[in-house]
*Asks:* 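Below is the structure I would like to discuss, written out as structure tokens.
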Amino acid sequence: MLSVEGLKVRYGQIEAVKGLDFTVAQGEIVTLLGANGAGKTSTLAGIAGLAPATGMIRFENQNLIGLRPEDISRRSIALTPEGRRVFPALTVAENLLLGGAMHHKGGSLDATREEMLTLFPILRERYRQRAGLLSGGEQQMLAIARSLMSQPRLLLLDEPSLGLAPKIVDEVFRLIAGLRQKGITILLVEQNAVRALDIADRGYVLVNGRITLQGKGRELAQSDEVRAAYLAA
Amino acid sequence: MEFFIQQLVNAISLGGIYALLALGLAVVFSIVGLINFAHGELMTVAGYGLFFAIGVSLGLPIAIVVAIFAAVAMALLIERVAFRPMRRADVTGLLLTSFAVSVILRVLFQNGISARGMPVPMPSALAGSIDLGFAHIGVIPLLSIVATAVSLGGLLLFLKHTVVGTAMRAAAQDFAVVRLMGIPANRVVAVAFAVSGVLAGVAAFLWVAQRGSVDPLMGFVPVLKAFVAAIIGGLGGLAGAVAGGFVLGFLEVACQAFLPAAILPYRDAFVLGIVILILVLRPEGLIPAQTGKRS
Amino acid sequence: MLGGLGVSRESLISGLMLAAIVAVAALVTGFAFGANGERIATLFLIYLCAVLSISVFTGGSGITSFGHAAFMGIGAYVSGILTMPKALQVSALPQLPAFLAGHETGIVIAVLAVAAAGLIAGLITGVPVARLGGSSASIATLALLIIVHVILNGAREITRGSQTFYGVPRLTTLLTALIFAMAFILIARLFRDTGPGLRLRATRENDVAAQACGVSLFQVRYAGWILSAVLGALAGALYGHFLGAFSPKDFYFDLTFLLIAMLIVGGMLTVTGAIVGTALITAVIQILRLAEGGIDLGFVHIPVIFGLTQLGLGMALLLTIWRRPLGIVGLQELGPKLKALVALAPAETPAKPASSDKSLTVTTLSKRFGGLQACDDLSFTIARGKVTGLIGPNGAGKTTLVNLICGQLKPDRGTVMIDGENMVGRAPHLIAKAGLGRTFQAIKLFDRMTVLENVTVAALTIESNLSAARNAAETLLVRLDLGKEAQRLAGTLAYGERRRLEIARALALKPRYLLLDEPAAGMNPVETEALKSMLDRIRHDFDLGLLVIEHDMHLIMRLCDHIVVINKGQKIAEGAPAAIRRDPKVIEAYIGAAPETEIIAPTPSTGGVKNETAIGIA
Amino acid sequence: MKLRLALLSLTALGALTFAAQAEDLKIGLASAQTGTLAFGDQPSLAGLQLAVDEINAAGGFGGKYKAVLDVKDTRSDTAATVQAAQELVASGINILITPCDADPSIAAGQISQPAKVVTFTFCGTTPTITSAVGDFMFGTYPADNAQATVLADYAHEKGYKTAYILKSPDSAYTLKLPEYFQQVFTKKGGTIAGEGTYSMGQQDFAAEVTKIKSLSPQPDVVMTSAYEPDFPAFIKQLRAAGVTSPVLGSDGIDTPTVAGLGDVVDGVIHSSAGLPSAGTPLEAFAKKFTEKTGKPFDTVYIANGYEIGLIIDAAVKAAGSLDPQALRDAVANLKDVEGVTGKITYAGTDRMPSRDIALVELKGGSRSLVKTATPNPADVPAP
């Protein structure tokens, strides 16, 4: 579904991603692991069109390089950015509306919104509240729901567990696992390797902008090399 | 008492016009970081629209539509031609760009239309006053208040209840994420300029109804007022712009009406002095803009 | 020799060259083209003075000033009132307050009074401008322009309000304008390379890094603003005595627009740019003026377009901002090319003082942002001569901690002691001066300054004068293998060199502690290895306590004597590298723990969606 | 390199200066073709241009000198006026023409006076304009104190007892003309019911108008010398507030903009240099102007500009040469020059010409003549 070849992402002088090759097949959860600064977020930003990227990003046989973020979104790819980035002064309802505004015709928007409120009951409770008043976990739910409003075929999730209490983290991961059941392909960037590999089909380990290791989720979880990548152990 | 009520009406109507103007600046600033000094020229264009439409006897309602349309068209044109290529410039670069655009437009008006003022006769119904029993109130100030209220209400509805309006509010907080939602950046920016054009058009109608003529330089004074009002309110915040506009209007009318004659020549200095005082107490303005902007 | 005066030989030569070129150009124009040539040359020199006055501040600080026309207005009116013949004053300004009336001073006294007026105006208006910085400061200068205009208009007894103020003696000749212009060129050119000028330019390039080099943003901006206000008032007096009659409108938007266009088109970062821009725009205006009334070229008739000059100015400004934001000249001053430092200044190894009991100690440091406890009761010690590593996963609070230590943030509670002195509450530049150097996660160099200037800015914080600072900087550069690059712009260095330069700059503060924020980020293994050996070396040579924040665990484990691990704002472990690596809490923080409740992939989510196809499968 | 470019440009500039022959009469105009004074300067220039074309075609000024116009736009800005005057004087003009306002005219005159260049202001009317500059400076339009006297006489005749004065200290014209009116009006027995000030370009007259409205009883007449864009704003807001007192204005509102305001200005009476009513020479001129230029004759400033051409022609004829001193003396001694609005005389004046003043009433978008008057010199206040 998604195949990335020789992806480079550069911010000014720093080349954050130095030539990545990886693929994500239809229906998979694939995770990119690695320590801070390894280039995970930059990779997602490159795919979503937020950062200048070179190389090849093929999505359903179309090259995404050079497209604007809005064009990429309309090709059914959604990114839930790191730090959630909900619109704090807008209500939950308005946040959801914007997520799907460009992707629906007629009444299907309402139907999708209803699905989201069913999937995330907490958002129904908070429906008329400003997003800035939500707790971190609620904001993360909202951010994911907002991405799902566009009915993406590929969801890019950036550090969904960051800054959340362990219990909420469980909930978030359970949810991600559930999304795959609904046919959404997921590329997950996560620092919490154990959790990520627990639900992922496959994983890639990034060190310093390059892939150093790849494998099946559970296998990778057992590998000492993952530990080495994080802790140089 | 009547004197007081009349001055109050004056203050509300003047403040309303300033609020529309400041709002026009704030709508664009909140999204692209541009303080558009060419906003005054949008008013001038709208004024010429009125002049030509009334000149061919189109009737006032249609003339107003023509005026607003002219301002919107000009707003979209300068966005496309001048500001879009500069979008990566910083606030100062954009400000300078808008100065240049404003100067160029003025020269074009002077040579393309006329360097002299043009009369814009209004129906005599507008020249009257209404006896409310306790006070005589001019039709134009009343009209200003109504038009301001309608415009502000309309803008509020637009921002709250349309997708693109919601997207504009979101873009003021985090433009990158708005684009991630598949909403085209260019369209949001263009709509922001169009909205500022509508506001300039309405303000221009009220302004011209008051002054009776249009000339190439007429946009300069209102844009300065708008700038001051926007600063008072907190640059970039829409609620702040409205508040700033009314504060400025009230200050000006109060100073004009109540300052002793000896100090009256310093009225503008007085008003700006109070403005500075407000800013000393609240450096971010009365209602600071909320931005969750990230790079 | 000149260094002792705070002036380098190169900048003096450069200034003299520029002044000479301007003098020749102005004199040739002035004498070759008759009375109009003289008028144009004089006007050019006056505009040049005005543009240079803006350039001193704007070129230095990067804050575009829209307010200098106001200073010019102040200068013109002050000098006009003082020098006006008594008889004329009585008829032109009958209501002039007594203390201002009837002085009819000579021009010298008037010039001194103008400088004093500029000084006072600068002192008052500089406070908000220097405090704000950035675009907000620009907007403040715009407000200043409007306010001064309103006051000049309102002060009818003194300025005749918006009516024309006439009767000012026309004293500005080509020669006087030339003398002023040459002085202005020298002042502006030399100021750039003096201590305050260098520091001001550093704030332009990066204000946070400048603070870390011990620069007080407020002080240098304030000083630059005041100097430029004085120059602006003087330029205004020059202009006033050229015109002989003017009104407040003449010191308002049109003049501002003209001067800013000159500055931007030429390039606001250099004195050369100011000169080129002024010359070019003056020439363009004079040519356009000829065409303004319409020209019949025989084969084609250009119609009358009044305002053609304004049109030309606007287009020139737009084109410059669009195509060449740095202006025609860009970064390079005209002047002698500087040579690289070739093995000068013997790199003496400083005696290594014994300092075992000195330390940087953080005690119970806490900071909360809204609902987030970013730093929670953190305590640890960085010993001199040792390397301490600070690690923790994303979002652990490392950046907040660094900002607390360096003074960018104020803690809610706790202390940061450097060798027994509490740093809490001190401004960042004072903490830098007290002995804490730092580098940044995303390298923050003064990109559009030379390598040598980058280090000199920091050295100025502790050295008594510019030449001592320059010597210290040269010595450091040679020691860190950057001697050959000394005259290159920092922005043109390769990545590894940039990292080294940032460290060299921090070392120029002669710090006792050095904080390195992800020094190996973006480096390849070879570069990382070189970095490690350099850090090992400098910590010994300079007797430094190093605090290294880093994600490259290979580097951290091999470099550090001691590691502090934080997560979610709290210290979760501390100790030697080997112990840290085995600590289960660390492993959990980094790699993650198993879920509290088992997740089996196909389990439905908490929401319990009944309909499997609920989320649209496209 | 850029400096070389600048020098090259200047060389080109030198080469282009100027096509005029030594035998030509060079008339330089430091004139406000854009900005707030364009309302007076643009039509004045159109009139002057017509005169120059006609006189050139008929053999030249004084029968022998072809006139060349060099027009510099001053953007209604003092500094630009000064610079334009310097430029023109340096290029060797014989006659300088300055904008339609006293201030820039005085500023420019201070450049031309020492160079002994005869200088006319297009329609600056402040009577002190000539004494502030010197003996080479000439006015052309009826002076403020003369206009004010005719207006006050008219108010007196109409039986107005109380007047409200609106003035602006921003220019001599808007300040002094109402004050002259006040002097004459009170001398003839009227009283001032109140006075207000405004800033030029202030747009909002609500506070001023409210003050007038609150006067009890309402003043018999409101007098102001506000012009564009202030007068239209003021009159609209005054009428909108329900104030019905008659309004007297001065020559600054003799423009199509004010006439085009519609019924709101009906009944406004103002002073002017003349009105093209049926059968007058001015009507014939108006027709000729429209025929030759294709533009409407919409303001008397056109005629005034044309008359400046006639004055120069007469002076050159009398002087017989372009010698500055001779030319100046010739202008100063002109008597009964036959203009299109009437006879113009400089002899015996302080270089502000003596000529007829028309009082004009606005009605239904057009103007009608109330009367033509010459003020009694004894009534005219000293400048």
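Both backbone and side-chain heavy atoms feed into the values below; hydrogens, waters and symmetry mates do not. Letters A, B, ... are given to chains in the order of the sequence lines, protein chains preceding strands, and every chain is numbered from 1.
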*Asks:* Taking only residues two or more places apart in sequence or in another chain, which ones pass ring-ring contact (aromatic ring centres under 6.0 Å, His included) with Phe87(A)?
*Replies:*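 With sequence neighbours excluded, Phe87(A) shows a ring-ring contact (aromatic ring centres under 6.0 Å, His included) to no residue whatsoever.
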*Asks:* Donor-acceptor check, side chain of Glu138(A) to backbone of Ile122(A), threshold 3.5 angstrom: yes or no?
*Replies:* no
*Asks:* Between Asn63(A) and Arg58(A), is any side-chain donor less than 3.5 angstrom from a side-chain acceptor?
*Replies:*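 Not at all, the side chains of Asn63(A) and Arg58(A) share no donor-acceptor pair under 3.5 Å.
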*Asks:* Just wondering, more than 12 heavy atoms not from Lys18(A) lying within 6.0 Å of its NZ?
*Replies:*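 Correct, the count exceeds 12.
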*Asks:* Which residues in residues 79-93 of chain B have any heavy atom closer than 4.5 Å to a heavy atom of chain A?
*Replies:*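 Not one residue of residues 79-93 of chain B has a heavy atom under 4.5 Å from chain A.
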*Asks:* Who pairs with Thr185(A) by side-chain contact (heavy atoms from CB on, under 4.5 Å), at least two apart in sequence or on another chain?
*Replies:* Met1(A), Val24(A), Gln26(A), Leu154(A)
*Asks:* For Phe69(B), I'd like to know if atom CZ has over 12 heavy atoms of other residues, nucleotides or ligands within 6.0 Å.
*Replies:* no
*Asks:* Start with the C-alpha distance between Arg195(A) and Glu190(A), add both sets of side-chain angles, then the distance that settles salt bridge (charged side-chain N to carboxylate O under 4.0 Å, His left out), and finish with yes or no.
*Replies:* CA-CA 9 Å; Arg195(A) 288 290 177 81; Glu190(A) 193 38 79; over 6 Å; no
*Asks:* For Ala101(A), enumerate each residue passing the side-chain contact (heavy atoms from CB on, under 4.5 Å) test, keeping only those at least two apart in sequence or located in another chain.
*Replies:*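 For Ala101(A) the side-chain contact (heavy atoms from CB on, under 4.5 Å) partners, ignoring immediate neighbours, are Val163(B).
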*Asks:* Name the option with the most non-hydrogen atom pairs under 4.5 Å to chain B; the candidates are Arg146(A), Arg75(A), Met149(A).
*Replies:* Arg146(A)
*Asks:* Using heavy-atom distances under 4.5 Å, tell me whether Leu50(A) contacts chain B through its side chain, its backbone, both, or neither.
*Replies:* side chain
*Asks:* Side chain from CB out, backbone as N, CA, C, O: work out which of these in Val178(B) comes under 4.5 Å of a heavy atom of chain A, or both, or neither.
*Replies:* both
*Asks:* With only heavy atoms counted, which part of Leu98(A) is less than 4.5 Å from chain B, the side chain, the backbone, both or neither?
*Replies:*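 Answer is both: backbone and side chain atoms of Leu98(A) are under 4.5 Å from chain B.
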